[in-house]
Amino acid sequence: MQNKVSQAILKALALAKSNGELNCQLPQKLTLDRPKNREHGDYATSIALALAKVANKQARVIAEVIAKTLTDNNLLTPNGISKIEIAGPGFINITLESASQGSVVVEILTLGRKYGTSNSLTGKRINLEFVSANPTGPLHLGHTRWAAVGDSLGRVLTAAGAQVSREFYINDRGNQMDLFGQSLRAAALEIDIPENGYHGEYIVDLANEITKANPTFTTLAETESIAAFRDTGYQLQLAQQQKVLDNFGTHFDTWFSEQTLYEHNFFDHVLDKLKSLGHVYVQDGATWLRTTDFGDDKDRVMIKSDGSFAYFASDSAYYISKRERGFDLCIYMLGADHHGYVGRIKAMAACAGDNSEDNVEILIGQMVKIIEGSQELKLSKRAGIIITLEELVEKVGKDAARYTLIRYPTDTPMVMDVDLLKKNTNENPVYYVQYAHARICAVLRNAKDLGIKFGLDAYSPELLVHERERELIGLIAQYPKIVASAALMRQPHRIARYIEEVAGQFHRFYNDCRVLPLGDEKPSSLNAARSGLSMATAQVINNGLDLLGVSAPEKM
RNA sequence: GCGCCUGUAGCUCAGUCGGAUAGAGCGAAUGCCUUCUAAGCAUUAGGUCGCAGGUUCAAUUCCUGCCAGGCGCGCCA
């Protein structure tokens with residue numbers, strides 16, 4: 001619909017130019033906005049203001065020319081436009097015919113779950129890496145934000161046509177793993193845990209669990225004992241993370257083990273590749289990647305002078321693995337404490353011969369603060385984990401947890417008030433949206449009981465002329481654009497904010513427009529049309545909630 | 001010191017590839033259920049969009065400088 005309107009205006013512009021009424025370069029495409037103020041029509045464009053300078057004419061004059069051309073060439077009614085007005089400094093406000101505007105309901109009911117999907121990213125192979133927690137403990141709140149947002153982004157990108165693979169990178173080698181093993185063994189033997197080891201309470205529980213199943217571990221020689229605790233603890237912890245994420249509705253296509261980067265000479269291949277491109281050198285006994293060639297602050301060590309691999313070696317190998325597995329775009333979702341990595345990862349990609357703009361994207365998620373009893377809970381690795389994903393879900397439920405975490409843009413630090421989420425569930429916007437959905441389902445159940453036919457056949461868009469109906473229709477027509485922009489900008493929170501608006505708009509419609517017949521009234525075609533609109537609204541809310549991984553209950 | 005993020009209503013936050021009178025929820029005040037889910041709706045109150053310049057028809061949005069807060073700057077992972 002919107003497209004038809006903008007085509008009409010572009011056509012008018014072209015006609016005006018050929019008439020000599022407009023003498024300037026014409027835009028390729030036109031932006032139609034949905035005005036905030038309803039008095040400004042269904043759509044508005046500021047094209048006349050934009051052209052004023054290049055055409056060397058007053059904006060209002062240009063707007064007049066466009067309006068006149070549209071009218072004179074019979075471009076209004078055939079394109080579903082009922083009214084065109086010029087306002088303010090030269091805005092063109094467009095009002096649609098009810099029948100034409102209401103046709104979107106037919107589109108929604110026809111497409112169903114597919115409404116909102118597009119092909120704007122079709123053909124793009126995207127590797128989406130998120131969470132990637134160390135397998136040395138439970139998932140905490142920071143991970144939880146990404147578990148929700150990353151999963152939703154995956155769904156949004158898929159809806160835009162991209163081929164997405166979600167990946168969890170398991171940091172299963174290096175010092176941290178050894179410290180993990182040492183800590184577990186120390187806990188089992190009830191001796192002091194190393195200073196920089198893991199101190200959370202879960203370590204003791206995990207150690208006990210391991211000892212119970214494997215009583216001999218504590219009797220092995222120290223090195224073997226540490227390795228045994230490490231490897232068993234790793235398996236248990238990883239399984240735990242997988243289970244928790246699965247319950248949270250976040251699923252990964254690939255769990256990628258860091259260790260495997262060093263198998264089958266893959267790392268040698270990586271190093272050869274980087275060498276052949278001329279960015280590797282040896283100094284002070286260490287092997288470096290010259291990332292400063294591409295704007296990094298300093299060069300990075302890949303192989304330390306003692307011959308062991310630095311973490312950056314894995315980073316590089318992992319990136320190259322992703323690219324060689326055929327992904328066009330690698331999206332990294334990192335915590336704010338890792339934002340220093342942006343420069344080096346992009347530079348490393350450039351060292352590998354890639355375009356660091358097109359092939360790599362790094363999204364930084366700011367910290368999640370958590371408040372309980374009006375006091376901030378400080379997260380501390382040493383003291384152990386304050387709140388885990390599992391605990392959060394136990395406290396507030398999966399839907400509320402996911403929704404709250406996705407609702408804010410990730411580059412904003414967010415504050416979660418546990419008390420609020422715990423005791424006042426109705427203060428959470430997720431219920432507002434879910435309630436709208438459940439409410440519609442209730443109405444439709446009643447409609448069915450009353451024998452009202454409200455499918456595609458019985459839908460008469462021209463009957464929906466009430467202000468509330470027009471607003472609601474106009475809003476649900478925006479959904480595909482919202483999904484596309486959420487995908488393009490990698491911002492799933494836009495979906496949440498949008499469906500909140502839809503829910504609100506539905507509640508207002510429901511309040512002012514009786515959907516079903518009153519008392520003994522016979523069902524009319526208006527009842528059917530309104531039921532159809534309600535059904536389409538439910539579909540949009542359902543599709544939106546689905547992109548967030550939140551359920552759309554039919555009863556509440 | 002350098003880099004990234006943030007500063008919008010009493011609180012938590014949207015909006016910002018420049019657009020008309022800056023929004024929502026919560027909190028405060030007042031109305032609306034004899035028929036569709038009141039977990040809802042309506043009205044009111046509440047703002048120098050951190051500060052100061054600049055760019056232009058138009059700046060909360062873009063640029064520069066400052067102020068305040070968060071985070072990061074290892075041959076750790």
Side-chain angles (χ1 to χ4, degrees), chain A residues 31 33 35-37 39-40 44-46 49-50 52-53 58-59 87-91 93 134 136 171 173-177 179 196 258 283-288 297-298 300-306 308-312 314-315 335-343 364-367 369 371 404 407-417 420 424-429 431-436 438-447 449-450 485 488-489 493-494 496-497 500-501 503-504 506-521 527 530-531 534 555-556:
Chain A
T31 48
D33 296 318
K36 289 178 216 156
N37 190 333
E39 286 167 23
H40 296 149
T45 177
S46 60
L49 286 96
K53 195 155 201 184
Q58 280 181 13
F91 291 101
N93 296 335
N134 289 340
T136 53
N171 297 129
R173 60 170 294 281
N175 286 348
Q176 293 304 312
M177 291 305 292
L179 277 170
N196 48 358
E258 181 184 357
Q283 192 182 326
D284 303 330
T287 303
W288 301 68
D297 301 337
K298 56 183 78 164
R300 306 290 168 180
V301 170
M302 300 186 78
I303 303 173
K304 295 184 254 180
S305 49
D306 68 2
S308 64
F309 297 109
Y311 190 73
F312 189 65
S314 298
D315 277 344
D337 52 343
H338 286 71
H339 73 244
Y341 288 36
V342 175
I364 298 297
Q366 294 297 319
M367 299 298 175
K369 242 196 252 180
I371 288 177
T404 307
R407 205 174 163 250
Y408 304 99
T410 53
D411 53 11
T412 319
M414 67 172 289
V415 178
M416 279 187 114
D417 188 330
L420 201 82
N424 285 332
T425 48
N426 59 330
E427 286 178 23
N428 193 311
Y431 289 99
Y432 183 76
V433 175
Q434 289 182 321
Y435 180 66
R439 201 178 211 187
I440 296 171
C441 290
V443 172
L444 295 179
R445 278 193 299 271
N446 296 341
D449 290 346
L450 290 170
S485 75
L488 187 72
M489 302 176 82
H493 80 274
R494 286 170 182 272
R497 299 292 172 160
E500 285 170 32
E501 257 188 82
F506 176 78
H507 288 312
R508 285 188 281 278
F509 155 77
Y510 177 88
N511 224 257
D512 291 354
C513 302
R514 178 83 201 182
V515 176
L516 301 179
L518 272 167
D520 299 333
E521 285 175 11
N527 296 134
R530 285 177 173 172
S531 300
S534 300
K555 283 183 184 170
M556 282 176 81

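A, B, ... follow the sequence lines: proteins, then strands. Residue 1 opens every chain.
At U37(B), none of the side-chain N or O atoms of Tyr431(A) fall inside 4.0 Å of OP1 or OP2 (strictly under the cut-off). Checking the phosphate oxygens (OP1, OP2) of A14(B), a side-chain nitrogen or oxygen of Thr412(A) falls inside 4.0 Å. Applying the 4.0 Å criterion to OP1 and OP2 of A20(B), one finds that Lys36(A) has a side-chain N or O inside that range. Within the 4.0 Å cut-off from OP1 or OP2 of C75(B), not a single side-chain nitrogen or oxygen of Lys298(A) is found. At least one side-chain nitrogen or oxygen of Asn446(A) sits closer than 4.0 Å to the OP1 or OP2 atom of U37(B). Contact between the side-chain N/O atoms of Arg508(A) and the OP1/OP2 oxygens of A42(B) is found at a separation under 4.0 Å. Between A42(B) and His507(A), no contact under 4.0 Å exists linking OP1 or OP2 to a side-chain N or O.
Not counting sequence neighbours, the partners of Asp411(A) by the side-chain contact (heavy atoms from CB on, under 4.5 Å) test are Pro409(A). By the side-chain contact (heavy atoms from CB on, under 4.5 Å) test, Pro413(A) pairs with Gln366(A), sequence neighbours left out. Residues satisfying the side-chain contact (heavy atoms from CB on, under 4.5 Å) criterion with His339(A), sequence neighbours excluded, are Ile364(A). Residues that satisfy the side-chain contact (heavy atoms from CB on, under 4.5 Å) test with Asp33(A), not counting sequence neighbours, are absent from this structure. Contacts of Arg407(A) classified as salt bridge (charged side-chain N to carboxylate O under 4.0 Å, His left out), with partners at least two apart in sequence or in another chain: Glu500(A). Asp297(A) is linked by a salt bridge (charged side-chain N to carboxylate O under 4.0 Å, His left out) to nothing, counting only residues two or more places apart in sequence or in another chain. For Arg508(A), the salt bridge (charged side-chain N to carboxylate O under 4.0 Å, His left out) test picks out no residue, with sequence neighbours left out.
Summarising the geometry, the separation between CD on Gln366(A) and C1' on G72(B) is reported as 11 Å, rounded to the nearest angstrom. In this entry the distance linking CZ of Phe309(A) with P of G74(B) reads 22 Å, nearest Å. Rounded to a whole Å, the CZ atom of Arg445(A) is 8 Å from the P atom of U37(B). Distance CG (Asp411(A)) to C1' (A14(B)): 12 Å, rounded to an integer number of Å. Nucleotide C76(B) holds its P atom 12 Å from the CD atom of Gln176(A), rounded to whole Å. One atom, CE of Met414(A), and another, P of C11(B), lie 18 Å apart when rounded to the nearest Å. We find that CG of Asn37(A) is positioned 7 Å from C1' of U21(B), with the value rounded to whole Å. Taking atom CD of Glu500(A) as the reference point, atom P of C41(B) lies 12 Å away to the nearest angstrom.
Using a 4.0 Å heavy-atom criterion, one finds that Pro413(A) contacts the sugar-phosphate atoms exclusively. Nucleic acid contact for Ala52(A): none, since no nucleic acid atom lies under 4.0 Å from a heavy atom of the residue. Among the heavy atoms of the strands, none lies under 4.0 Å from Ala447(A). Among the atoms of the strands shown, none is found under 4.0 Å from any heavy atom of Gly88(A). Among the atoms of the strands shown, only primed sugar atoms or phosphate atoms (P, OP1, OP2) are found under 4.0 Å from some heavy atom of Arg173(A).
Remark: ring of His493(A) not stacked against base of A14(B); the cut-offs of centroid gap under 5.5 Å and plane tilt under 30° are not jointly satisfied. Once the 5.5 Å centre distance and the 30° plane angle are applied, the aromatic ring of Tyr435(A) is found not to be stacked with the base of U37(B).
Closest contact between the side chain of Arg497(A) and the listed nucleotides C73(B), A14(B), A39(B) involves A14(B). Of all nucleotides listed (C57(B), C13(B), C76(B)), C13(B) comes nearest to the side chain of Tyr408(A). Comparing C36(B), C41(B), A39(B) by their closest approach to the side chain of Tyr432(A) singles out C41(B).
Helical stems involving RNA chain B, defined as 3 or more consecutive Watson-Crick or G-U pairs under 3.5 Å, span B:1-7 with B:67-73, B:10-13 with B:23-26, B:28-32 with B:40-44, B:50-54 with B:62-66.
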Quiz item: Should Phe312(A) and Val301(A) be marked as a side chain to side chain contact (heavy atoms under 4.5 Å, CB included) after you check the CA-CA gap, both sets of side-chain angles, and the distance that decides it?
Solution: CA-CA 7 Å; Phe312(A) 189 65; Val301(A) 170; over 6 Å; no
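Phe509(A) and Phe506(A) have their aromatic ring centers within a separation under 6.0 angstrom.
Taking the O4'-C1'-N9-C4 or O4'-C1'-N1-C2 dihedral as appropriate, C41(B) has a value more than 90° from 0 and is therefore anti.
Within 3.5 Å, no donor on the side chain of Asp33(A) pairs with an acceptor on the base of A20(B), nor the reverse.
Note that NE2 of His493(A) and CE of Met414(A) are 12.0 Å apart. Values are rounded to the nearest 0.5 Å.
The neighbour count for Gln283(A) CD, taken as heavy atoms of other residues, nucleotides or ligands under 6.0 Å away, is above 12.
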Between protein and nucleic acid, restricted to nucleotides 30-33 of chain B and to nitrogen or oxygen atoms under 3.5 Å apart, what atom pairs and distances do you find?
none

